[in-house]
Structure formats: C-alpha cells, structure tokens
There are 2 protein chains.
Amino acid sequence: MTKASNTRHTILEKAFDLIYKKSYQTTSIDEIIATTKVTKGAFYYHFKTKDEMGIAIINEIIKPTMQDTFILPLQNTSNPIEKIYQMTKFLLLENPFLKLEYGCPTGNLTQEMTPWNIEFSKVLKELVIEWQTTIEISLQKGIESQKVNNKVNPKQVAYFIMSSYWGIRNFGKIYNNTDCYHAYLKELKLYLNNLH
Amino acid sequence: MTKASNTRHTILEKAFDLIYKKSYQTTSIDEIIATTKVTKGAFYYHFKTKDEMGIAIINEIIKPTMQDTFILPLQNTSNPIEKIYQMTKFLLLENPFLKLEYGCPTGNLTQEMTPWNIEFSKVLKELVIEWQTTIEISLQKGIESQKVNNKVNPKQVAYFIMSSYWGIRNFGKIYNNTDCYHAYLKELKLYLNNLH
DNA sequence: TACAAATCATACTAATTAGTATTTTCTATG
DNA sequence: CATAGAAAATACTAATTAGTATGATTTGTA
C-alpha cells in the first residue's frame, strides 16, 4: 500500500465512522479532514466531490464487509435456516463493527439518501439485491436438500427476514437497549422453525 | 381556528410534507417559509427554534394521524391477527398519506434523529411505545378470547411485526416498486396464521 | 374608537457549507 | 542526482444555514 492509497483509505474509514454515527448529510468535509488530519487539498485530490467519497465508502468499505458477514456465511452452509438465525444473532449482539445506538449502516444510508440521490440509491440497491439473492438461493438449496419445507417461498421469506432485520435495528436505536434484540431473536427463531 | 393558529398549523403541515420527502436535516427554514408563503418573522414568532417546530410536527401532526391509523383500529377489534394484516395492507398499499418512495415518517425520523437529538428521541420513543403496547394488548385480548394461540408471546410478536413493517418500508424506498410490499404481505399472512 | 398586545414583515448577522485556485512538497524513474 | 508528475498544503470564494433585531401591521377588547 503506497502512502497515497493509504491516505485515501484512511479518509474512507474515518468518514465511514462519522457517517455511521452522525449520518451522511450532517457529516461535513471539514469534520472529516479534521479527524483524519488530512488537508482539504489532499481530500479533493482523492475525491472530486463529497458524493464521490460517499459512493466510494459504500463500494470500498461497506460492500467488502457485507460480503464477509452477510454473503459468504450463507453461501457455505447446508442449513440456511440455522445459519440465518446464527448470522442475525451475531450481527445484533456480537459484531464489534456494528453498534446498537447507530443502527445498520446500509439501512441508515438507504433511508437517508433514497430517493433523493440516484447514484447512492443505485449502489445501495445493488448491495441489497446481492444480500437478497444470497438468502433466496440458500433457501432454494435448502429446499432441494430437504432442509427447508418445499412450500416455502424463498423470495417472500427473504423480504420478511431482511425487513425485520432492518426494522429491529431501528428499534435498537430508539430503545438504546438490547432487550428488543433478544425478544426479536426469540420470535425470529420461532418463525424460522416453521420453515422446516 | 384563529388566523394565527391557522398560520402555525400551515407551517407544521407544509414542513411535515417537506421533511417526509426530504428528511429533517436537509429541509431548511428558508425552504419552509418559501413554500408556506409565511415570513421568517411569523415563523419565529410561532417556533423558537427549528427543533421546537420538529417536535411540534411529531406531537401535533404525526401523533394524531398515528392514533387514527395505528392505534384505534387495533383497540376496536376482537380479532387482532386479521386486523394487523388488514392494517398493514392498508398502510402499505392504500393509505393516501404515505408514499412508497418516502418510507415511513416515524421510521425516517427515528433513523435520522436518534441518538443525536435527545428531545426527538424522547417523543418518537413515546410514539413507538404506544404502538407497541397497543399491539401487545390486542394480542393478549386475543389470547384470552382464544382467537390467538396461548403459546404466543405478545411482546415478541409485537417487535417482529413492527420491525418487519419499518423494514419493508425501507425496501419500498429503495426498490421504488410495490412488488416487495406484495411479497412481504403474503409472508406476513403466513406468519400471522401460525399465531392462531 | 383607542390602544395594548399579538402577529407578522424586513433586513440583517455570524457561522458553516462544498468546492476552487494556487503553490509547495514529495516520490519514482531516467 | 535531476526532474516531471503525483500528492498534499494553504488560502480563498460564494452560497446557504439558523437565528436576531427592529419595525410595521393586525386584532381583540375596554
């Protein structure tokens, strides 16, 4: 990693932290360069606009992380129902990257930037579709291997699971307490067990 | 309604529209007074700060509307399971007040203002708790009248339903298409039927 | 009708915003 | 080691922001 590409990456990481905590709109470039200790000249050498940086955060920070935590685990399992539960539990209670009071980075950005920034919507939609497709495929495979009841509709279930996840993260924010996560997880388990 | 209180209410309604569409942070007071055709002097006569207006919108616009569409229907039903489905379907597909591409007003504000504005968090939390309590009580009544299986845990189910609703509104935003609502509703029906 | 209080209008301010213009300092390569 | 281009530093701009100061109108009521 050259010094320059290191500067770029530092900006993206620190900016992500700020945006995850404070939202995109309320995070100013002056704030980003203050916390990264990078000058405005350096910032604008690497990113033509604030939005270009925002898109880069999604593609270069959020996307790879999501690949590891949302996509790969589901691709390497023969038991999607159990894996979905484990994944969700990990994401809500154990993942050090995600914080109760700040919600879900992708969910936050989706709510904030859609529909008013087409570019953001586009890359976020790609992310979401990849997640959704992965869930659907894993359930379809589960049906084929008779781990999942063949009456299950993978698309519907995918929407239901993803929605409830995004939603409960919003509840976590407002209650600022993991109790709601625990209650949610119990009900999620009951729901998932009915898919067997 | 006096002329003054009419001015106040106009500001709140128009500001709500803008904030629902564009978010709170990106809606400026100049924009609000431009669309309401009210002067800055009038605005600041009625509201000491922008945040005071924001809180007023929640208490005087969102709360009463929510009372009518989220609370009362559930209080006047003997069959909560069926009513929850009907309500959700109405909210997603028929309510003229809510728009696919703009999501859920309360969900948007929660995501945007929590945890960074304590005052907003407080009133939003009150709103959410009222909704949650209503669902729980209606399910409890349903258990007592044997419309709902007595193994059902009202608190857990309430979280699950509310979460999935907030979440699917986020999906509606990003897909900008009601297909996801229809798929979600089908799965919601299956889930709810298992509570009988 | 008079007049005090309520309501609204106008013109401002100081801070913050994203972005630019220009110069300086590195860094890789001949 | 010389030098061209990459990378970064500095100082600015124009627009927008929430909020204020002050003056002009309405409005209800004695």
Side-chain angles (χ1 to χ4, degrees), chain A residues 1-58 60 108-109 112-113 116-121 123, chain B residues 1-58 60 108-109 112-113 116-121 123:
Chain A
M1 180 118 77
T2 69
K3 204 182 166 202
S5 76
N6 191 58
T7 302
R8 181 191 158 89
H9 201 253
T10 304
I11 293 172
L12 290 179
E13 279 188 331
K14 295 270 186 188
F16 169 84
D17 287 344
L18 286 170
I19 291 166
Y20 178 34
K21 286 178 196 168
K22 304 189 13 142
S23 90
Y24 180 80
Q25 305 278 4
T26 64
T27 301
S28 72
I29 288 167
D30 284 343
E31 214 175 340
I32 293 169
I33 66 177
T35 58
T36 51
K37 271 149 192 159
V38 152
T39 61
K40 196 158 264 196
F43 180 95
Y44 278 99
Y45 173 78
H46 287 284
F47 308 102
K48 239 166 50 192
T49 62
K50 186 188 178 187
D51 282 0
E52 188 175 303
M53 179 213 61
I55 302 288
I57 287 177
I58 298 175
E60 296 169 44
N108 292 356
L109 277 173
E112 189 181 359
M113 305 306 280
W116 290 100
N117 188 305
I118 301 172
E119 252 193 305
F120 273 77
S121 298
V123 290
Chain B
M1 180 122 74
T2 68
K3 206 181 165 202
S5 76
N6 192 58
T7 302
R8 182 191 157 89
H9 201 253
T10 305
I11 293 172
L12 291 178
E13 278 189 331
K14 295 271 187 189
F16 169 83
D17 286 345
L18 286 170
I19 290 166
Y20 179 36
K21 286 178 194 165
K22 304 191 12 147
S23 89
Y24 180 79
Q25 306 278 3
T26 64
T27 301
S28 71
I29 288 167
D30 284 343
E31 215 175 339
I32 292 169
I33 65 177
T35 60
T36 51
K37 271 147 193 161
V38 151
T39 62
K40 195 157 266 194
F43 181 95
Y44 277 98
Y45 173 78
H46 287 284
F47 308 101
K48 238 167 50 192
T49 63
K50 186 188 177 186
D51 282 1
E52 188 176 303
M53 179 212 61
I55 302 291
I57 287 176
I58 298 174
E60 296 169 42
N108 292 355
L109 277 174
E112 189 180 359
M113 306 306 281
W116 291 101
N117 187 305
I118 301 172
E119 251 193 307
F120 273 76
S121 299
V123 289

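Owing to the predicted nature of the structure, the values given are computational and were not obtained by experimental measurement.
Residue B:Y45 places none of its side-chain N or O atoms closer than 4.0 Å to OP1 or OP2 of C:dC8. Between B:H46 and C:dC8 there is a side-chain N or O to OP1 or OP2 distance below 4.0 Å.
Taking every heavy atom of residues 25-33 of chain A and every atom of DNA chain C, pairs under 4.0 Å involve A:T27, A:S28, A:I29, A:D30, by number.
Contact record, A:F120 with A:G54: CZ-CA, 3.6 Å, taken as the closest heavy-atom pair.
For B:K22, the NZ atom counts as densely surrounded, since its 6.0 Å shell holds more than 12 non-hydrogen atoms of other residues, nucleotides or ligands. Counting non-hydrogen atoms of neighbouring residues, nucleotides and ligands closer than 6.0 angstrom, the CD atom of A:E31 exceeds 12 such neighbours.
The closest side-chain heavy-atom distance from A:Y45 to A:T39 is not below 4.5 Å. For the pair B:I57/B:Y20, no side-chain contact is recorded, criterion being any heavy-atom separation below 4.5 Å from C-beta on. At least one side-chain heavy atom of B:M53 sits under 4.5 Å from a side-chain heavy atom of B:I32.
Boundaries of the chain B contact region on DNA chain D are D:dT17 to D:dT27, first to last in 5' to 3' order (nucleotide atom under 4.0 Å from a heavy atom).
Residues passing the salt bridge (charged side-chain N to carboxylate O under 4.0 Å, His left out) test with A:E60, sequence neighbours excluded: A:R8.
Rounded to the nearest 0.5 Å, atoms NZ (B:K48) and CZ (B:F43) are 13.5 Å apart.
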